[in-house]
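Remarks on the structure that follows.
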Amino acid sequence: MATRIVVTRRIPDPAIELLESAGDVWVSPHDRPLSTAELHDAVRGADAAVTLLHDRVDDAFLDAAGPGLRIAANVAVGYDNVDVGACARRGVIVSNTPGVLTEATADIAFALILMSTRRLGEGERLIRAETGWSWSMFFMLGTGIQGKTLGIVGLGQIGLATARRARAFGMEVVYAGRRQAPEEVEAELGARLVPLDELLATADVVSLHCPLSAETRHLIDADALARMKPSAFLVNTTRGPVVDEAALADALRAGAIAGAGLDVFEREPEVHPGLIELENVVLIPHLGSATIETRTAMGVLAAQNVVAVLGGGAPVTPVA
Ligand code: GLV
């Protein structure tokens, strides 16, 4: 029987072309996430599945796919949508797309740092509202970042790329995480590993880069927000559920922290209504890796993983 490769939502053409070299490719005709029933129907009998971050790859998905499935290639660096244990138990390889989206996502993290500290979303809304404005010494003053401290939660590739940008902008860097960075990385950034509570209490901007897992779900809850300085800003470009959005809305409304910039949300595409009504939060729709170049590279890397595994080789970027 021909090799069947299922792509659950359209990905860039170069990736599809590469997949076509390895088998018959079915691409979902819908430009939306498939419902669970549609997803399970689609993967039936697949040898490989190319999945997106909104697809749940769990036991039910694997049951639907059947025993022929060899790889679930997730087109994202995050793979919290994949039950890696369930895949391992059935010998299904899981791959993700690290590296290729590092710089694009760090750009967005830094854009959110600048947008929130300098009130850029608020300024844009003000002009578009056409209510009138005039320059004055005290008009829309923001917070400067030079000489301030950026606290990176999770110094992986994206955290590191964000920290490098911060150094170029004259910021100090501290980081929290499970592992100490190599000495040369700490030296380059002038950064040190601190406990999360210390980072929260001392950073002027806290930027989240840890993956979503059982340990990091609601890592930033009401207690964590209460530890932050009232002058501090929170930026999230990882996954929404790392932050308790209701607690964040309360903290922003009460002035417990100064502002926030969010690219990701707890229940995407929904955004907590308490956030929408606030001026001191920048809200953008999960754009971290959204450049033509990056999305193409992500698709191609996922396809390379599929081609390698179906060809009997090792995946290029298996998840740990
Ligand atoms: C996007 O959010 C990704 O994980 O790649």
Side-chain angles (χ1 to χ4, degrees), residues 7-12 14-15 31-34 49-58 61 71-84 87 93-113 152-162 165 177 207-220 234-243 245 260-271 282-306 315-320:
V7 182
T8 64
R9 191 166 178 176
R10 198 177 139 231
I11 57 173
D31 190 21
R32 57 163 171 81
L34 295 177
V50 176
T51 55
L52 281 299
L53 52 79
H54 45 62
D55 299 323
R56 292 239 69 81
V57 181
D58 52 11
F61 175 104
I71 177 168
N74 210 40
V75 192
V77 67
Y79 50 91
D80 48 282
N81 57 312
V82 180
D83 183 339
V84 176
C87 290
I93 289 170
V94 179
S95 64
N96 67 342
T97 60
V100 292
L101 47 68
T102 300
E103 302 301 331
T105 309
D107 284 345
I108 286 292
F110 218 81
L112 287 174
I113 292 172
I152 297 273
V153 180
L155 194 70
Q157 295 186 50
I158 299 169
L160 178 58
T162 304
R165 283 159 177 71
S207 189
L208 305 176
H209 299 282
C210 52
L212 173 62
S213 66
E215 293 81 55
T216 62
R217 185 173 294 274
H218 282 194
L219 182 71
I220 305 301
L234 177 73
V235 165
N236 189 9
T237 51
T238 176
R239 285 289 182 268
V242 174
V243 175
E245 249 171 44
L262 306 176
D263 184 40
V264 287
F265 302 91
E266 260 195 278
R267 279 170 286 277
E268 288 178 16
E270 277 169 47
V271 177
V282 177
L283 306 167
I284 57 170
H286 205 147
L287 298 178
S289 63
T291 69
I292 294 165
E293 297 84 350
T294 301
R295 288 284 163 82
T296 303
M298 290 166 70
V300 168
L301 181 52
Q304 285 167 340
N305 276 287
V306 169
V316 190
T317 49
V319 306

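Every value quoted in this text rests on a predicted model; they were computed, and no experiment measured them. In listed order, ligands and their atoms are each counted from 1. Index from 1, following the sequence. Just so you know, these numbers use all the heavy atoms, side chains as well, and skip hydrogens, waters and symmetry mates.
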Worksheet item: Got a donor-acceptor contact below 3.5 angstrom from the N96 side chain to the V319 backbone?
Response: no
Worksheet item: Where the side chain of Q157 meets the backbone of T102, is there a donor-acceptor pair that is under 3.5 Å apart?
Response: no
Worksheet item: When you look at M298 and V77, which way does the side-chain contact (heavy atoms from CB on, under 4.5 Å) test go after all the steps?
Response: CA-CA 9 Å; M298 290 166 70; V77 67; over 6 Å; no
Worksheet, complete the sentence: For atom 4 (O) of ligand 1, the closest protein heavy atom turns out to be R239 NH2, 2.7 Å
Worksheet item: Is it the side chain, the backbone, both or neither of L101 that has a heavy atom closer than 4.0 Å to ligand 1?
Response: side chain
Worksheet item: For ligand 1, which atoms have a heavy atom of L53 less than 4.0 angstrom away?
Response: 1 (C), 2 (O)
Discussion item. Tell me whether G78 has any N or O atom under 3.5 angstrom from an N or O of ligand 1.
Written reply: yes
Worksheet item: A109 and V235: which non-hydrogen atoms are nearest, and at how many Å?
Response: O-CG1, 3.9 Å
Worksheet entry | Protein residue, atom and distance nearest to atom 5 (O) of ligand 1, heavy-atom basis | V77 N, 2.8 Å
Worksheet entry | Student check: side-chain heavy atoms of R239 and P211 closer than 4.5 Å | no
Fill in: pair I158-L101: side-chain heavy atoms closer than 4.5 Å
yes
Discussion item. T97 versus ligand 1: do any nitrogen or oxygen atoms come within less than 3.5 Å of each other?
Written reply: no
Practice prompt. Any atoms of ligand 1 less than 4.0 Å from a non-hydrogen atom of H286? List them with their elements.
Written response: 1 (C), 2 (O)
